2 protein chains.
Amino acid sequence: MANTKKSTIKDIANVLGISPSAVSKALNNHPRISKKTKDAVLQVAENINYQPNHIATALRKGKSNLVGVIIPKANSNFFSSIIEKIEDVLNKKGYNVIITQSNESYNKECKNIEALLFTQVDGIIASMANETVKLDYYNKVKRKGIPLILFDRGENDLNVDYIGIDDYKSSHMVIDHLVDQGCKRIAHIGGYSQTRIYKNRIKGYVDALEKHNLPFEDDLMYECNLRLQDGKDIMNKLLQLPKPPDGVYVAGDYAALGALEVIKQKKLKIPEDIALVGFSNEPFSEFVSPAISSIEQHSETIGELAAKTFLNRIAKPNEEVSLNKIILKPELIIRASSKRK
Amino acid sequence: MANTKKSTIKDIANVLGISPSAVSKALNNHPRISKKTKDAVLQVAENINYQPNHIATALRKGKSNLVGVIIPKANSNFFSSIIEKIEDVLNKKGYNVIITQSNESYNKECKNIEALLFTQVDGIIASMANETVKLDYYNKVKRKGIPLILFDRGENDLNVDYIGIDDYKSSHMVIDHLVDQGCKRIAHIGGYSQTRIYKNRIKGYVDALEKHNLPFEDDLMYECNLRLQDGKDIMNKLLQLPKPPDGVYVAGDYAALGALEVIKQKKLKIPEDIALVGFSNEPFSEFVSPAISSIEQHSETIGELAAKTFLNRIAKPNEEVSLNKIILKPELIIRASSKRK
DNA sequence: TATATTTGTTCAAACGTTGGAACAAAAGTA
DNA sequence: TACTTTTGTTCCAACGTTTGAACAAATATA
């Protein structure tokens with residue numbers, strides 16, 4: 001029935017009466033092997049359904065051709081399309097991608113790193129969990145000398161390649177827009193400031209307010225996990241303020257959706273009473289009502305650049321110099337939720 | 001700087017003046033090795049920061065401890081939480097998980113299978129792409145003799161383990177509910193019937209209509225990719241019918257969201273004019289307005305069972321008998337979009 | 001014709017680990 | 001004391017591939 005025994009290079013060699021190394025060289029298109037032999041080998045390989053043993057190659061070459069990717073959670077379009085692009089680029093170069101989720105947990109992230117190192121990946125492309133403050137595990141990766149590339153959720157202290165968008169500028173774009181629409185009291189529902197990107201968004205928010213001579217008030221700013229429920233909870237708090245905001249900038253679309261629901265529930269008008277802007281342009285943002293304005297982060301580009309950066313590192317491993325810090329330009333997509341005029 | 005040269009079992013052996021195999025056995029807690037030696041080995045391993053070479057082990061043992069998972073797309077909560085659970089269960093047993101996305105494309109799926117086989121995974125857990133009709137690649141996996149487990153999107157002809165919910169029954173639950181709410185003309189926005197689960201949902205819809213003596217009309221049923229935009233497009237068509245439906249059963253929440261938007265846009269009332277039920281209970285369904293009724297598929301359970309089924313297969317490889325076809329009970333979550341009374 | 005070069009192949013070792021066979025030493029049994 | 005059993009270890013081959021060195025044969029150069 002099932003020809004369960006896998007055929008090897010040796011089997012091909014036996015059939016043809018040549019040595020295994022000749023076969024190996026033929027398969028790898030070695031210049032010293034004659035066309036005749038190469039053809040014969042290919043033919044036999046086909047016939048006996050030969051599949052190279054990747055593990056043996058990996059052992060011999062000291063290279064697994066596996067790349068680990070760590071993301072917080074795959075269930076957003078942002079991350080899943082980044083993964084898609086990374087797979088795309090790396091598969092073409094003969095790499096396979098191992099994806100792991102940290103679920104925003106530092107512990108899980110550490111376990112993932114352990115597992116990836118154990119699996120002998122040739123590199124790690126990661127976006128850090130919200131919780132992560134300690135960098136010990138990432139440093140371990142660096143010390144092993146295998147390429148580490150961060151995207152979106154990065155960390156300056158690590159001193160590794162990084163691809164992300166300009167979060168500080170994003171906030172300016174959002175606030176500029178809201179001010180332009182006539183907002184005077186703008187709240188921010190942000191991520192935890194320990195994460196660099198959220199810190200930058202907050203900083204951008206604060207600085208942009210100042211730029212426009214608008215007051216910054218503690219009551220108007222919250223840090224949270226940016227889940228849908230967080231958006232609801234915080235929006236409720238904001239609406240209970242003596243002077244509620246007339247504009248809300250939310251650092252994530254799921255939380256923005258939560259905020260939207262609460263505002264509608266309270267029979268307030270969007271954007272007239274409160275203008276709302278989200279972040280990361282999830283597919284649903286366009287379709288809820290009113291459609292939520294959001295920052296597009298160009299996830300495909302991020303994925304592509306992350307993969308290419310890895311390939312570059314692999315190509316020239318001992319090039320200590322010139323870290324890549326690629327900062328992409330954000331794009332503000334203006335929709336009904338913030339368009340007053 | 002970086003002690004880039006990895007330490008091996010041999011290094012430990014040299015330090016202690018014992019043989020490599022003694023070290024190997026000590027590390028694997030072989031009963032014939034003395035406690036003294038084991039302790040010493042562990043100590044030295046720690047000191048020189050020894051990390052076992054997984055690839056060498058894999059080669060020697062003929063087992064990669066890698067499991068491939070193929071899903072259509074990670075960006076839904078349904079799939080990402082299944083993955084999470086699979087990782088969870090398998091990591092505990094020393095397996096690592098390689099996740100790949102087919103993006104609903106047959107070609108990509110084939111490539112993924114190729115890549116996973118090439119990487120020498122010990123098993124594949126998959127949910128098929130919508131497009132997939134030909135089973136040749138999956139049959140190839142079977143012929144290799146490595147465990148194949150399908151979930152959600154399965155296929156009877158393949159004759160492999162399967163975990164999913166009772167789609168046929170789901171439809172009955174939905175239609176029963178809609179009828180109970182007074183709907184007389186119920187439309188179905190379904191997935192492509194070539195996919196088993198969608199076929200079952202359609203069959204359930206048709207049979208349930210009959211059960212309730214309601215008319216089945218071609219005009220009231222569509223097959224599509226169930227993306228948000230598909231929901232919008234088809235809902236528009238449904239509303240242009242001379243006699244539009246008063247209830248719509250959508251086989252996916254994203255498409256349901258699209259339909260919802262269109263209905264609201266046309267100033268029709270939900271659930272009064274049209275009652276709406278979705279499928280798979282994505283997180284946003286609860287929070288849009290009106291909240292969308294949906295079928296909960298218990299994704300964690302699916303993930304857990306898929307992983308455990310794999311482990312069972314591995315444990316007893318030559319047990320040809322007794323396929324596992326695990327069909328879970330669906331749960332209808334009734335929300336505002338269909339609750340008339 | 002003698003020598004150098006090219007071509008096509010084989011040999012052997014290596015990658016790091018494992019595990020059965022072999023064996024010596026220690027301990028137990030008659 | 002002589003034998004069996006147990007204990008702790010080493011030896012060696014194996015997993016499937018790769019690769020530089022070696023080598024013979026064919027071809028080119030002087």
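The shown structure was predicted, so the numbers you read here are calculated from the model rather than taken from an experiment. Quick note on labels: first sequence line is chain A, next is B, and so on, each numbered from 1. Excluded from the calculations below are hydrogen atoms, water molecules and symmetry mates; all remaining heavy atoms, backbone and side chain alike, are included.
If you take CG of B:Asp122 and C1' of D:dC15, they are 15 Å apart, rounded to a whole angstrom. Computed from coordinates, the B:Leu27 CG to D:dG8 P distance equals 17 Å when rounded to whole Å.
Along DNA chain C, the nucleotide nearest to B:Pro52 and the one nearest to A:Pro31 differ in position, and the one closer to the 5' end is contacted by A:Pro31. Both B:Ala22 and A:Lys61 lie near DNA chain D, and the one whose nearest nucleotide falls closer to the 5' end is B:Ala22. When each of B:His30 and B:Gln51 is assigned the nucleotide of DNA chain C bearing its nearest heavy atom, the one mapping closer to the 5' terminus is B:Gln51.
Picking from D:dT17, C:dT17, C:dT10 the nucleotide with the shortest atom distance to the side chain of A:Ile9 gives D:dT17. Here D:dT9 is the nucleotide among C:dT17, D:dT9, D:dT17 with the atom lying nearest to any side-chain atom of B:Thr37. Here the nucleotide nearest the side chain of A:Arg32, chosen from C:dT9, D:dT9, D:dG16, is C:dT9. In this structure, the nucleotide among C:dG16, D:dT17, C:dT10 sitting nearest to the side chain of A:Thr57 is D:dT17. With C:dT10, C:dT17, D:dG8 as the choices, the nucleotide that has an atom nearest any side-chain atom of B:Ser34 turns out to be D:dG8.
Among the protein residues, A:Ile18 comes within range of the sugar-phosphate backbone only, with heavy atoms under 4.0 Å from sugar or phosphate atoms but none that close to a base. Among the heavy atoms of the strands lying under 4.0 Å from B:Thr8 are primed sugar atoms or P, OP1, OP2 only; no base atom is included.
For B:Lys25 against C:dT17, a side-chain-to-base donor-acceptor contact under 3.5 Å is absent. Taking 3.5 Å as the limit, the base of D:dC11 and the side chain of B:Ser19 contain no donor-acceptor pair of atoms between them.
Ring planes of A:His54 and B:Phe118: tilted class, angle from 30 to 60°.
To the nearest 0.5 angstrom, B:Asn65 atom CG is 8.5 Å from B:Asn96 atom CG.
The pair A:Glu87-B:Lys108 meets the salt-bridge criterion, with a side-chain N (NZ, NE, NH1 or NH2) lying under 4.0 Å from an Asp/Glu carboxylate O. A salt bridge links B:Glu104 with B:Arg153: the closest approach of a Lys/Arg side-chain nitrogen to an acidic carboxylate oxygen falls below 4.0 angstrom. Salt-bridge annotation for B:Lys140 and B:Asp136: absent, with no side-chain N of the basic residue lying under 4.0 Å from a carboxylate O of the acidic one.
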